[in-house]
Amino acid sequence: MARILITSAIPYINGIKHLGNLVGSQLPADLYARYMRQRGHEVMFLCATDEHGTPAELAAAKAGKPVAEFCAEMHEVQAGLARGFRLSFDHFGRSSSPQNHQLTQYFAGRLADAGLIEEVSERQVYSNADGRFLPDRYIEGTCPNCGYDKARGDQCENCTKQLDPTDLIDPRSAISGSTDLEVCETKHLYLRQSALRDQLDAWIDTKSDWPVLTTSIAKKWLHDGDGLQDRGITRDLNWGVPVRKGTEDWPGMEGKVFYVWFDAPIEYIAAAVEWADANGKADADWQRWWRTDKGADDVRYVQFMGKDNVPFHTLSFPATIMGADDNWKLVDYIKSFNYLNYDGGQFSTSQGRGIFQDQALEILPVDYWRWWLLSHAPESSDSEFTWENFQSSVNKDLADVLGNFVSRITKFCRSKFGEVVPDAPADLARAERDALWSRIGPLLKEYETQMEAMEVRKSANTLRAIWVVGNEYLQEAAPWSVFKTDADRAAAIVATALNLAGLYAILSAPFIPETSETLGRALNVTDFDWPSGVDDLARLPAGHGFVVPDVLFAKISDEDREAWQERFSGTRA
RNA sequence: GGGCCUGUAGCUCAAUUGGUUAGAGCAGAGCGCUCAUAACGCUUUGGUUGCGGGUUCAAGUCCUGCCGGGCCUACCA
């Protein structure tokens with residue numbers, strides 16, 4: 001039995017996430033976690049909300065709420081949606097937790113002791129009307145290059161020229177529109193990532209099995225121009241982890257907080273501490289996942305994320321871990337994803353474009369979404385959601401192939417033998433099992449290999465091929481005609497096919513957990529242990545009772561599809 | 001501007017990393033079946049691999065030039 005630590009990129013707190021966010025990290029992480037648990041491995045699957053930063057403060061202000069209250073509410077909303085999507089986190093934490101405050105301050109202290117923190121004085125734009133320093137992006141003005149009047153302080157969207165906020169003509173706050181801006185001197189802490197460049201570079205070089213998407217981004221940052229740059233890890237904000245050096249004050253840094261990208265990955269660790277605290281566990285129980293000197297040396301740590309998160313997970317966070325030099329566990333494998341597009345454009349939280357998690361669950365059962373999203377995961381390139389594709393995939397794969405197979409075998413059995421697994425002579429039953437396993441066995445091996453390699457789309461294809469075998473088998477064995485002349489052999493066929501349906505409940509659970517439960521309940525499958533051989537086609541013995549389940553997947557009609565297409569064509573109110 | 005990724009059948013994607021005749025699913029066509037959610041099974045039609053050069057015994061795969069799509073570019077997170 002292996003021990004596997006799994007984290008998903010932590011979703012930002014400022015609103016309800018869309019399906020693109022889900023498919024790029026949490027959903028494939030959940031697929032992997034569920035599979036590994038079912039294979040009998042010990043899994044710790046952690047996620048959290050990412051709660052700090054300027055956008056959280058602005059979203060709270062817009063909602064007319066104190067930021068702590070806003071975040072607490074949004075955390076509950078996101079936790080509810082995570083349950084709705086059946087994300088099987090061992091703990092869903094909060095980056096604003098006391099545990100993360102303490103750990104973040106601890107890491108900063110360790111880094112300072114190692115000489116990896118530098119104090120830098122810099123000039124930043126302060127908005128008197130907003131009462132806050134403005135990040136470059138939150139300053140708008142006229143581009144000195146092209147004259148575009150909505151250029152941002154970091155870059156002009158119109159002519160793509162990189163800008164400095166002081167370049168802008170007639171600068172104003174993007175938050176309030178106020179032009180009452182001034183440039184102030186302020187002091188910040190920088191993490192000297194440049195000092196760790198060679199160590200990071202050597203470490204990345206050992207990761208030849210990582211996706212190109214992941215390593216190429218890391219290499220670019222390491223080698224482009226002057227190489228890896230130092231990074232500011234503090235901000236002038238009210239909401240965040242107060243800057244402290246371990247448990248001590250940090251002179252000169254009063255009133256400042258750590259930058260959200262410094263504390264957010266540390267929350268991966270803090271989530272484990274929160275898990276221990278919430279479940280009455282000892283420190284040793286979380287440390288055995290995170291401290292290589294306390295039992296984590298045999299842990300395999302896998303991270304899931306969208307491609308935009310890669311630099312922070314390949315460089316900044318490892319720099320924090322390495323720099324702290326205190327036996328913390330480094331990531332072993334990073335699985336990164338491209339983006340899911342929506343009907344020819346991007347999903348966009350800020351523009352309300354696409355389908356959001358709450359809306360998705362409102363219109364259809366969770367497994368429709370899980371199946372489509374996972375079987376179309378944007379692994380090799382960006383992928384595209386269209387309603388036509390969604391409708392035909394779901395109707396064909398789930399309703400026609402899997403749902404209909406379950407329906408035909410359970411109903412046929414009920415009409416001829418009643419709602420029990422029929423009794424058949426042992427030799428006939430054995431022959432049916434052998435014949436069927438010769439087709440299932442190789443596909444199962446392929447499925448296992450792909451799941452272990454986190455080949456999400458391929459795994460879905462193979463699972464579908466395993467479902468198809470059910471229909472092929474019934475067609476060839478034709479128990480409805482055999483029954484007329486040889487009831488014993490028909491019984492053997494039906495018993496075998498019912499067992500196959502039982503296996504489907506088990507094998508499909510990582511992808512469609514809700515339906516797997518429904519199917520398992522209908523067939524009275526109590527043992528979800530992973531199958532390994534032909535004898536697993538006899539787990540439901542003669543006389544084992546079941547009920548014919550309701551239709552597992554109702555089809556999506558053209559009318560529904562058109563209505564949703566229309567409803568989700570614009571932007572969210 | 002720079003870096004990286006990408007372009008394969010009407011659609012969504014494969015192709016063991018340079019190796020036989022480029023494969024699946026959906027959609028289309030034909031046949032079969034009647035247990036089943038008008039479902040299922042079998043057979044089958046679709047490709048000058050974006051375009052032009054080049055390297056090689058051999059190129060979807062490597063090099064090069066165009067054309068198109070995307071991401072990142074360090075103070076959004």
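Please read these numbers as outputs of a predicted model, since none were measured by experiment. Scope of the values below: all heavy atoms of this structure, side chains included, with no hydrogens, waters or symmetry mates. By convention in this document, chain letters (A, B, ...) are assigned in the order of the sequence lines, proteins followed by strands, and residues within each chain are numbered from 1.
Across all strands shown, A:Val548 has no heavy atoms under 4.0 Å from either base or sugar-phosphate atoms. No contact: A:Gly232 has no heavy atom under 4.0 Å from any strand. At a threshold of 4.0 angstrom between heavy atoms, the contacts of A:Val260 are confined to the sugar-phosphate backbone, with no base atom among them. Within the 4.0 angstrom heavy-atom criterion, base atoms lie near A:Asp136. Contact annotation for A:Ser383: backbone-only contact, meaning every heavy-atom pair under 4.0 Å involves sugar-phosphate atoms and none involves a base. At a threshold of 4.0 angstrom between heavy atoms, the contacts of A:Thr54 are confined to the sugar-phosphate backbone, with no base atom among them. Residue A:Asn404 is in base contact, counting any heavy-atom pair closer than 4.0 Å across all strands shown. Within 4.0 Å (heavy atoms only), A:Gly306 reaches no atom of the nucleic acid at all. At a threshold of 4.0 angstrom between heavy atoms, the contacts of A:Ile409 with the nucleic acid are absent. Nucleic acid contact class of A:Gln124 (heavy atoms, under 4.0 Å, all strands): base. A:Tyr259 comes within 4.0 angstrom of a base, heavy atoms only. Heavy atoms of A:Lys416 sit nowhere under 4.0 angstrom from any nucleic acid atom. A:Tyr339 comes within 4.0 angstrom of sugar-phosphate atoms only, judged by non-hydrogen atoms across all strands, and of no base. Contact annotation for A:Asn14: no contact, since no heavy-atom pair falls under 4.0 Å across all strands.
Spacing between atom CG of A:Asn341 and atom P of B:C13 amounts to 10 Å, rounded to whole angstrom units. Atom CD in A:Gln450 sits roughly 13 Å away from atom C1' in B:A24 (whole-Å rounding). One can place CH2 of A:Trp467 at 18 Å from P of B:A39, the figure rounded to the nearest angstrom. Separating the NE2 atom of A:His376 from the P atom of B:C13 is a distance of 7 Å, rounded to the nearest angstrom. A:Ile217 has its CD1 atom 9 Å from the P atom of B:U73, to the nearest Å. One interatomic measurement links the two molecules: CG of A:Asn461 to C1' of B:C26, which rounds to 12 Å at whole-angstrom precision. Atom CZ in A:Arg197 sits roughly 18 Å away from atom P in B:A74 (whole-Å rounding). Note: NZ (A:Lys555) to C1' (B:A36) measures 11 Å, nearest angstrom.
A:Lys411 has a side-chain polar atom (N or O) that falls below the 4.0 Å cut-off from OP1 or OP2 of B:U37. Phosphate proximity of B:C40 to A:Tyr473: absent, as no side-chain N or O sits under 4.0 Å from OP1 or OP2. Distances shown here put a side-chain N or O of A:Lys396 below 4.0 Å from the OP1 or OP2 atom of B:C40. Between A:Lys307 and B:A77 there is no side-chain N or O to OP1 or OP2 distance below 4.0 Å. Remark: A:Tyr126 is not in phosphate contact with B:C75, judged by side-chain N or O atoms under 4.0 Å from OP1 or OP2. For A:Arg137 and B:A77, the shortest distance from a side-chain N or O to OP1 or OP2 is not below 4.0 Å.
Contact of A:Glu388 with B:C11 (side chain to base): no donor-acceptor pair of N or O atoms is detected under 3.5 Å. Scanning atom types as modelled, one donor and one acceptor separated by under 3.5 angstrom connect the side chain of A:Glu122 and the base of B:C75.
Ring geometry for A:Phe258 against A:Phe262 counts as tilted: the plane angle lies between 30° and 60°, on a 0 to 90° scale. Classified by interplanar angle (parallel below 30°, tilted 30° to 60°, perpendicular above 60°), the ring pair A:Phe385/A:Phe390 is tilted.
Residue order along RNA chain B, read from the 5' end via each residue's closest nucleotide, puts A:Phe405 first among A:Trp261 and A:Phe405. Nearer to the 5' terminus of RNA chain B, by closest-nucleotide assignment, is the contact made by A:Val551 (compared with the other of A:Val551 and A:Gln229).
Aromatic ring centres of A:Trp387 and A:Trp372 lie farther apart than the 6.0 Å criterion allows.
Pairing of B:C40, defined by two Watson-Crick or G-U wobble distances under 3.5 Å, is identified with B:G32. Across all strands shown, B:G23 forms a Watson-Crick or G-U wobble pair, both distances under 3.5 Å, with B:C13. Using the Watson-Crick or G-U wobble rule with both distances under 3.5 Å, B:G68 pairs with B:U6. B:U55 is unpaired under the Watson-Crick or G-U wobble criterion, no partner having all donor-acceptor distances under 3.5 Å.
Put simply, OG1 on A:Thr462 and CD on A:Gln450 are 3.5 Å apart, with the number rounded to the nearest 0.5 Å.
Residues A:Gln78 and A:Arg94 fail the side-chain proximity criterion, which asks for heavy atoms closer than 4.5 Å.
If you take atom P in B:G2 and the same atom in B:C66, they sit 11 Å apart, rounded to whole Å. For the C1' atom pair drawn from B:G53 and B:A15, the interatomic distance equals 25 Å after rounding to whole Å. For B:U49 and B:C31, the P atoms lie 34 Å apart once the distance is rounded to whole Å. Taking atom C1' in both B:G32 and B:A39, one finds a spacing of 15 Å when rounded to whole Å. Taking atom C1' on both B:G68 and B:C76, the two are 29 Å apart, rounded to the nearest angstrom. Nucleotides B:G7 and B:U12, compared at atom P, are 13 Å apart to the nearest Å. The P atoms of B:G28 and B:C11 are separated by 15 Å, rounded to the nearest whole Å. Of the P atoms belonging to B:G25 and B:U43, the separation is 10 Å, rounded to the nearest Å.
Side-chain contact check for A:His313 and A:Tyr268: at least one donor-acceptor pair (N or O, by modelled atom type) lies under 3.5 Å.
The side chain of A:Asp308 has B:A77 as its nearest neighbour among B:A77, B:C26, B:A15. Counting only heavy atoms from C-beta on, A:Ser392 has its side chain closest to B:C26 among B:A74, B:U37, B:C26. Listed candidates were B:G41, B:C13, B:U37. Nearest to the side chain of A:Gln475 is B:G41. When each of B:C35, B:C42, B:A77 is scored by its nearest atom to the side-chain atoms of A:Glu472, the top-ranked nucleotide is B:C42.
Stacking of the aromatic ring of A:Trp480 onto the base of B:C35 is found: the ring centres lie under 5.5 Å apart and the planes are inclined by under 30°.
For the pair A:Arg197 (side chain) and A:Leu228 (backbone), a donor-acceptor distance under 3.5 Å is absent.
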inquiry  = What verdict does the side chain to side chain contact (heavy atoms under 4.5 Å, CB included) test give for A:Ile334 and A:Met305, after you've listed the backbone C-alpha separation in whole Å, the side-chain angles of each residue and the deciding distance to 0.1 Å?
reply    = CA-CA 8 Å; A:Ile334 291 179; A:Met305 70 197 67; 3.7 Å; yes
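Taking syn as a glycosidic angle within 90° of 0, B:U17 qualifies as syn.
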